Number of protein chains: 2
Amino acid sequence: MNVVHQRGETVAKQRITIEDVARAAGVSRQTVTRAMNDMAEIRSETRQRVLEAAEALGYRPSRFASNLASRQRSHAIGLVIASFRNPYYTELAAEVLDVATARGWQVVVCSREQGTDLELISTLAGQVDAIFGYFVTPDQTALAAAARGVPVVMFERTAAVPGLHSVDLDFEQGIEALLTELRNRGASRFGLIESDAATDPNPYQPTQRRRAYEKLAGAHSLDSIVVAEESMRGGAEGFQRLWNASPGLDAVLVFNDLMAMGAVHGAHTLGVSIPADVRIVGIDGLSLGSVTTPSLSTLSIDRLAVAKTAADIVDTLLEAHDAGPHEPIVRTVTPQPLWRESA
Amino acid sequence: MNVVHQRGETVAKQRITIEDVARAAGVSRQTVTRAMNDMAEIRSETRQRVLEAAEALGYRPSRFASNLASRQRSHAIGLVIASFRNPYYTELAAEVLDVATARGWQVVVCSREQGTDLELISTLAGQVDAIFGYFVTPDQTALAAAARGVPVVMFERTAAVPGLHSVDLDFEQGIEALLTELRNRGASRFGLIESDAATDPNPYQPTQRRRAYEKLAGAHSLDSIVVAEESMRGGAEGFQRLWNASPGLDAVLVFNDLMAMGAVHGAHTLGVSIPADVRIVGIDGLSLGSVTTPSLSTLSIDRLAVAKTAADIVDTLLEAHDAGPHEPIVRTVTPQPLWRESA
DNA sequence: TTGAAAGCGCTAACAG
DNA sequence: CTGTTAGCGCTTTCAA
C-alpha cells in the first residue's frame, strides 16, 4: 500500500479529508462516512476505531461536499435587517427565525450597517436560497440583478420587477385609524417626527410613514414636521425642536417606537406633561414601550404576520419550478393602534 | 454530439445545472462560469447570450458546488444567543456581526429558543467553521461531542474540555465595585432579583451573578433574594415580592437590565421612590436603560470586547492547524459600573 | 458488514 | 476568447 499522492509530504496545511481518516483507520471512505453519520451497517468496533482516528487527526467534514453529495439538501435564507440596535428589527428577526426553524431552514442574519444593499444581496445570493430584507436602493432592477436568480422578499416596500417580492405595510390605513381616535380624544394640531436614516446612504426621501401622515393629518400639520436621527437621542432632540417650533401642538406622531421613547424622555426634560400637554404616539408596537413613564401608545406592527407572509411567499416560490424569475408576489399587512398611556 | 445522459427526459423537476445553460446557449460549462461570475476572458456578446439563457431557464448556481470547487472558501460562524427578545443579546450579536464582517465571515444566528444546546450545536456544526454561544448544558463533554470537532466559544462560562473555549465575565470584581460604591452612597441592606431562566430546561441553579452577590453582599443580604421570570414583567413582579418580603432594603441588584427596567416600573406602581426609598441597579449596560424614569444605573458589560475576544480565539484556532481538539482557551472580560439616576 | 465505483455541480488549469 | 480535462470532498448506489 504505497500509493503516491499528488499532495505529497511537501505540501503543508492541506485540509484533512475523509480519505486521510480512512487511511489512518485502515478502512474505506464509505466506512468513515458510516461511522461519522451514525449509520447502521457498521460494526461498533470499527465505528469506534474510525471515530478515534478522526478525532486524532482533527477531521471535520466539509459542509459543502456533504451537502453537494447528499440528496437531502439543507435550505437557508438570508435576512437583512436595518439594524441590530433597534428592537423592532431584532424582534422581527426572532419571528423570522421561528417560522424558518419550523420549516427546517437555516437563517443567515445581517444588517444594513454591514454593506450596501447590492453588496449584501450579492454576497447572500451565493449562500442562501432566498433573501428577506429591508432594502432601500431605489433601482429594483439592480437589486434583482444582484440577486442572480435568488428570490428576494422586501419588507415595507412594493416589488415591481420579476424576481422581487414584497410584504408591504399599509400605513395609510393604520395612521388613519390612529388620527381618527386621536381626534376623538380631542387632539387637532398634529406634528410628526420623521427619521432621516431610512434611505441612507442615498439622499433623504420622505418615508411611507411621512407620506401617509401628510395625506391624512390636515394641511396645518404639514408645517409641523421635523426630521431627526433615527435613535432615542434623535427622538428626544427632534421633540424639543418640534415643540419649540410649533406652539399649540397637541399630538405628535413619531417615526418609530425607539424615537418615540426618546421623545417621551425629551418632553420630560422640557417639563412638558404627557398626555395632558401633548399626546405622543410611536409606530412599531414594542413591548419596551410599556416601561416608559407614561407608557407609550403606538401603531403596532404584527411582526409574526410579516414573517409568516414572507415565508409563505418563499414556499410558493420554491414549489413553483418555473423557468425564469417569478412575477412579483405582493402582500400587505395593516398595522393596528395600541393605546397605552402616552396618548 | 449525441451524448446520452442518465437523467433523460423522463425525470421531472431536476435541478437546472450549469450544463443545461451551456447546452441552451450553445457553449461550454466553463463559458457559463465566466459569464455568471463576471470574469474577464469572454466576449460581451457571448456573455449576454449566456446570461439570457440562464435567466430564461431560471438557473441558480449551487452554492455547495461552487464553494467546493473554488479554492477561496468562505468562512462562516454560528452564533447562538439566549434570546432575540432581550436587547443585550441582540446588541452582542451586532458586535459579533461587526467583527465577523470585518474578517469576511458569514454569521448564522440562532437563539436557544429554537432547540436544545446539543441540537443547535449539532446542526450548526454541519454548517459553519466555528460556533459562539450561550450554552447552559452542564456536561461539557457532551457539548464538545456534539460539535464534532468544530471549535466552540462559550460566553459567560469557563471552558474545561478540549474543543471548547470561553469568554467569561468576572462578576465578582464587577459586583464588588458596584457594592463598594453603593455603600459609599449610604446603602447597607441589599437585595437581589435573580433570573429563573438561565439554566432552562434544567432545574434552576444559582447563576454566576447570584453567587458573586452572595459572596460579597454580606450575610444579612442572603435572605433578600427572589427568583423571578427573566423578562420585564418578571422584574416588576419580583420587585414587588422582594419589597413586601424584606422591609428595610435600601438597594436592589437585578439580574439584568431588562428585568431591572421592569423592577423600576414595579417600584413606581408600588409608589416606592427611586433612589430615595431604594436604589436599583441592573446588569448589562443597555442604552435603553437611559429612558426609564429615573434612568437605570447598571453594571455595564463591554459587548464589543466580548465579541472581539471570541473572534480572536477563533483566529488563533484557525491558524493553529494542530491535529485533534485544541486545549481550552479561556479569556475574561470585567464588567464596569455605569452610574445613572436609579442608584 | 465492508469496499469500489460513480457522480453531486461547479471552478481551475490548461490547451486550443 | 473558448473548450477540454481534472478534480473539490463527500454520499450514494451496487457488489462483494
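Chain letters run A, B, ... following the sequence lines, proteins first and then strands; every chain starts at 1. Since we're looking at a predicted model, the values are computed, not measured.
- When side chains are defined from C-beta on, B:Phe84 counts as touching B:Val109, because their heavy atoms get closer than 4.5 Å.
- The existence of a salt bridge linking B:Glu19 and B:Arg29 is confirmed by a sub-4.0 Å separation between a basic side-chain nitrogen and an acidic carboxylate oxygen.
- Counting only heavy atoms from C-beta on, A:Tyr59 has its side chain closest to D:dC10 among D:dC10, C:dT11, C:dT1.
- Checked for salt-bridge contact, B:Arg331 and B:Asp312 miss the test: no charged N lies under 4.0 Å from a carboxylate O.
- Residue A:Ser66 places none of its side-chain N or O atoms closer than 4.0 Å to OP1 or OP2 of D:dG9.
- Comparing D:dC10, D:dG9, C:dC10 by their closest approach to the side chain of B:Pro61 singles out C:dC10.
- A close approach under 4.0 Å does occur between a side-chain nitrogen or oxygen of B:Asn37 and OP1 or OP2 of C:dT11.
- Rounded to whole Å, atom C1' of D:dC8 lies 12 Å from atom CZ of A:Phe64.
- A close approach under 4.0 Å does not occur between any side-chain nitrogen or oxygen of A:Arg29 and OP1 or OP2 of D:dC10.
- Residue A:Arg47 contributes atom CZ, which lies 10 Å from atom P of C:dT1 at whole-angstrom precision.
- Proximity of A:Ser62 to the phosphate of D:dC8: no side-chain N or O atom is located under 4.0 Å from OP1 or OP2.
- As a whole-Å value, the separation of B:Glu41 CD from C:dA13 C1' is 11 Å.
- Contact annotation: A:Thr31 side-chain N/O to C:dG3 OP1/OP2 distance is under 4.0 Å.
- Rounding to whole angstrom units, CD1 of residue A:Ile42 and C1' of C:dG3 are separated by 12 Å.
- No N or O donor and acceptor, one from the side chain of A:Arg63 and one from the base of D:dG9, sit under 3.5 Å apart.
- In this structure, CD of B:Glu19 is placed 11 Å from C1' of C:dC10, rounded to the nearest angstrom.
- If you take CZ of B:Arg34 and P of C:dC10, they are 16 Å apart, rounded to a whole angstrom.
- Dashed line: the shortest gap from a side-chain N or O of A:Thr33 to OP1 or OP2 of D:dT11 is under 4.0 Å.
- Between B:Ser70 and C:dT11 there is no side-chain N or O to OP1 or OP2 distance below 4.0 Å.
- Salt bridge absent: A:Arg303 and A:Glu95 never bring a charged side-chain N and a carboxylate O closer than 4.0 Å.
- Atom CZ in B:Arg49 sits roughly 12 Å away from atom C1' in D:dC1 (whole-Å rounding).
- Across all strands, A:Val32 comes closer than 4.0 Å to no nucleic acid atom at all (heavy-atom distances).
- None of B:Leu143, B:Val330, B:Val167 except one satisfies the side-chain contact (heavy atoms from CB on, under 4.5 Å) rule with B:Met154; the exception is B:Leu143.
- Distance B:Asp20 CG to C:dC8 P: 11 Å, rounded to the nearest Å.
- Salt-bridge formation is not detected for the pair A:Asp38/B:Arg148: no Lys NZ or Arg NE/NH1/NH2 atom is positioned less than 4.0 Å from an Asp or Glu carboxylate oxygen.
- For A:Arg60 against D:dG9, a side-chain-to-base donor-acceptor contact under 3.5 Å is absent.
- Checking the phosphate oxygens (OP1, OP2) of C:dG3, a side-chain nitrogen or oxygen of A:Ser28 falls inside 4.0 Å.
- Nearest nucleotide to the A:Thr46 side chain, out of C:dT1, D:dT2, D:dG7: C:dT1.
- Checking A:Met39 against B:Gln30, the closest nucleotide of DNA chain D that is more toward the 5' end is the one next to B:Gln30.
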